[in-house]
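Just below is one structure, and these are the notes that go with it.
Both backbone and side-chain heavy atoms feed into the values below; hydrogens, waters and symmetry mates do not. Sequential numbering from 1 along the given sequence is applied to the chain's residues. Values in this document were obtained by computation on a predicted structure and should not be read as measured data.
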Amino acid sequence: MPRREPESEPVVDPTDRRILERNYDYAQKNVRLLSMWYECEPKRMLKLLAEYDIELSRNDKRQFGTYYQSVQRHANAYGE
């Protein structure tokens, strides 16, 4: 009888909008915590959230709102 290889799980893109939004929810809508999960700087996380137009929590808006909005404006202006 031939040996069967274990079926591999589908590869999930952590930067996919739906996955990113779900993970932000899991991180209790905390950019710093989410950036630790993704092992990146908070600025990189904010860029991803802004590019996908994922709304920040009230606390994250207070801390990062200006930067987030500037990234969103840039993305909208240049169609990124």
Side-chain angles (χ1 to χ4, degrees):
M1 187 152 140
R3 186 172 163 220
R4 288 186 56 185
E5 294 294 321
E7 291 184 31
S8 61
E9 292 185 28
V11 176
V12 175
D13 178 5
T15 61
D16 175 80
R17 184 188 199 288
R18 293 175 300 158
I19 302 300
L20 185 61
E21 192 168 29
R22 185 186 68 206
N23 287 341
Y24 186 48
D25 284 340
Y26 288 163
Q28 299 176 4
K29 295 203 177 260
N30 183 313
V31 168
R32 290 190 191 282
L33 180 57
L34 186 63
S35 67
M36 284 191 283
W37 286 1
Y38 276 69
E39 297 179 350
C40 67
E41 293 296 317
K43 280 191 171 187
R44 172 69 179 131
M45 204 77 265
L46 287 162
K47 284 181 183 179
L48 284 170
L49 293 170
E51 287 171 9
Y52 288 119
D53 199 30
I54 297 172
E55 188 176 346
L56 295 180
S57 68
R58 188 180 356 220
N59 287 335
D60 283 344
K61 280 181 189 174
R62 268 193 301 243
Q63 287 185 330
F64 308 111
T66 304
Y67 181 76
Y68 176 86
Q69 289 172 347
S70 70
V71 171
Q72 274 189 320
R73 279 193 301 274
H74 184 268
N76 290 335
Y78 296 103
E80 293 178 358

Worksheet item: Do side-chain atoms of Tyr52 reach the backbone of Glu21 as a donor and acceptor pair under 3.5 angstrom?
Response: no
Worksheet entry | Nearest heavy atoms of Tyr24 and Leu56, plus distance in Å | OH-CA, 3.5 Å
Worksheet entry | Pairs where residues 29-47 contributes a residue and the test salt bridge (Lys or Arg N to Asp or Glu O under 4.0 Å) is met, not counting sequence neighbours | Asp25-Lys29
Worksheet, complete the sentence: Between Tyr67 and Leu46 the two heavy atoms that sit nearest each other are CD2-CD1, 3.8 Å
Item to complete: Give the minimum heavy-atom separation between Leu20 and Tyr38, together with the two atoms involved.
Response: CD1-OH, 3.6 Å
Worksheet, complete the sentence: To the nearest 0.5 Å, atom CG of Asn59 lies from atom CZ of Phe64 at 10.0 Å
Practice prompt. Could you pull out the closest heavy-atom pair between Met45 and Leu34, with the gap in Å?
Written response: SD-CG, 3.6 Å
Worksheet item: Are any of the side-chain nitrogens in Glu55 or Lys61 under 4.0 Å away from the carboxylate oxygens of its partner?
Response: yes
Item to complete: Taking the side chain as every heavy atom from C-beta outward, state whether Arg22 and Ile19 have any pair of such atoms under 4.5 Å apart.
Response: yes
Worksheet item: So, do Val31 and Leu49 sit near enough that their side-chain heavy atoms are less than 4.5 Å apart?
Response: yes
